[in-house]
Amino acid sequence: MRAPVRVLLVDDQLLVRSGFSLILSVEDDIEVIGQASDGEEAVRLTRELRPDVVLMDVQMPVMDGIEATRRIVADDLARVVILTTFDRDDYVFAGLAAGASGFLLKNADADHLIEAVRAVSGGHALLAPEVTRRVIEQMTNGPVVDAQAAPRRDDRDPRLDDLTPRELEVLGLVGRGLSNAEIAARLFVGEATVKTHLSNVFAKLHLRDRVQAVVLAYEAGLILRGDPEDQPNG
């Protein structure tokens with residue numbers, strides 16, 4: 001049998017931690033191995049306990065969740081899901097920039113929390129396309145276009161040199177927040193083909209998940225300000 005997903009809960013409110021622990025502990029494939037009340041303690045316990053997933057609050061004393069996430073991810077200690085009571089884009093972007101694998105509101109239902117843990121432990125990003133688009137809009141201060149619609153750049157990011165034209169196109173569409181199904185429809189290919197291209201992109205660029213791909217697409221200039229008519233729906 002597969003080993004349970006090991007989870008560390010981080011929140012400065014005991015009742016919140018207890019509630020999450022109660023929800024997760026009844027699942028056979030999930031094990032809550034520890035709890036922390038601030039970011040500094042979270043980093044220490046992550047080093048000691050080596051959880052698979054850290055559920056991380058943002059606003060905490062001593063060290064906030066964004067800085068704790070940055071330190072945990074920098075040392076490749078665990079995957080982090082940012083938790084907050086506020087649906088705030090600045091929290092989402094700061095968490096993703098710090099290396100979080102996902103973002104979840106504390107008022108999410110129990111099933112969503114459980115599936116989030118399973119998804120992130122399996123290497124998937126927890127960020128819906130509509131949330132991705134909002135984050136991108138904030139990052140660029142306006143609507144976005146993909147690489148094919150943008151003016152050609154002479155200072156192309158060297159990280160993109162190993163990508164094929166099709167892989168570059170797929171990365172640009174991921175960066176715009178399109179799902180695999182939407183990318184497949186846009187390129188007139190099957191979803192399996194899109195997944196293959198994404199796997200190649202992740203391997204060549206050493207990306208952990210889709211969230212990192214979005215951030216890199218922005219940093220590499222594949223997401224630029226454009227005409228509002230080019231903005232993805234949602």
Please round to the nearest 0.5 Å and tell me the distance separating atom CZ of Arg47 and atom CZ of Arg71.
9.0 Å

Can a donor-acceptor pair be found, under 3.5 Å and without considering hydrogens, that links the side chain of Glu41 to the backbone of Ser37?
yes

Over all atoms of both residues, closest heavy-atom pair of Pro51 and Ala78:
O-CB, 3.3 Å

Is the shortest side-chain heavy-atom distance between Val10 and Gln35 below 4.5 Å?
no

Here the gap from Ile183 atom CD1 to Leu171 atom CG, rounded to the nearest 0.5 Å, amounts to 9.0 Å

Backbone of Asp11 reached by a side-chain donor or acceptor of Arg17 within 3.5 Å
yes

For Val7 and Asp52, what are the C-alpha separation, side-chain angles and deciding distance, and is it a side-chain contact (heavy atoms from CB on, under 4.5 Å)?
CA-CA 6 Å; Val7 178; Asp52 300 305; over 6 Å; no

Between Ser121 and Arg118, is there a donor-acceptor pair closer than 3.5 Å when you use the side chain of the first and the backbone of the second?
yes

Can you tell me how far CG of Leu187 sits from CD of Glu182, rounded to the nearest 0.5 angstrom?
11.5 Å

Does atom CG of Asp28 have more than 12 heavy-atom neighbours from other groups under 6.0 Å away?
no

Ile72 and Ala42 have their tightest heavy-atom pair at CD1-O, 4.3 Å

Donor-acceptor contact present, side-chain Glu48 to main-chain Leu45, <3.5 Å:
no

Locate the shortest heavy-atom distance separating Pro61 from Asp38; write the atom from each residue and the value.
O-CB, 3.1 Å

Would the distance check show the side chain of Asp157 and the main-chain N or O of Arg159 forming a donor-acceptor pair, the cut-off being under 3.5 Å?
yes

At what distance, to the nearest 0.5 angstrom, does CD1 of Ile30 lie from CD1 of Ile23?
10.5 Å

Heavy-atom neighbours of Asp76 CG exceed 12 at 6.0 Å:
no

In the structure I gave you, are the side-chain heavy atoms of Leu205 and Leu216 within less than 4.5 Å of one another anywhere?
yes

Is the backbone of Leu83 close enough, under 3.5 Å, to the side chain of Lys106 for a donor and an acceptor to pair up by distance?
no

Leu14 atom CG, neighbour heavy-atom count above 12 within 6.0 Å
yes

Write down the atom of Leu49, the atom of Gly34, and the distance for their closest heavy-atom approach.
CD1-CA, 4.2 Å

To the nearest 0.5 Å, atom NE2 of His197 lies from atom CG of Asn180 at 11.5 Å

Lys204 vs Thr164 side-chain heavy atoms within contact, under 4.5 Å
yes

Rounded to the nearest 0.5 Å, the CG atom of Asp57 sits from the CZ atom of Phe20 at a distance of 8.5 Å

Donor-acceptor pair, Ser25 side chain versus Ser21 backbone, under 3.5 Å?
yes

Heavy atoms, side chains only, cut-off 4.5 Å: are Val81 and Val54 in contact?
no

Do Leu55 and Leu104 have side chains that approach each other closer than 4.5 Å (heavy atoms only, starting at C-beta)?
no

Between Leu163 and Glu167 the two heavy atoms that sit nearest each other are CA-OE1, 3.4 Å

Within a reach of under 6.0 Å around CD of Glu27, are more than 12 heavy atoms found that belong to other residues, nucleotides or ligands?
yes

Between Val5 and Glu31, is the side-chain contact (heavy atoms from CB on, under 4.5 Å) condition met? List the steps.
CA-CA 6 Å; Val5 179; Glu31 178 185 5; over 6 Å; no

Test item: Leu77 and Arg50 side chains (from C-beta on) under 4.5 Å apart, heavy atoms
yes

Can you see which heavy atom on Val26 is nearest to which on Leu22, and at what distance?
CG1-O, 3.5 Å

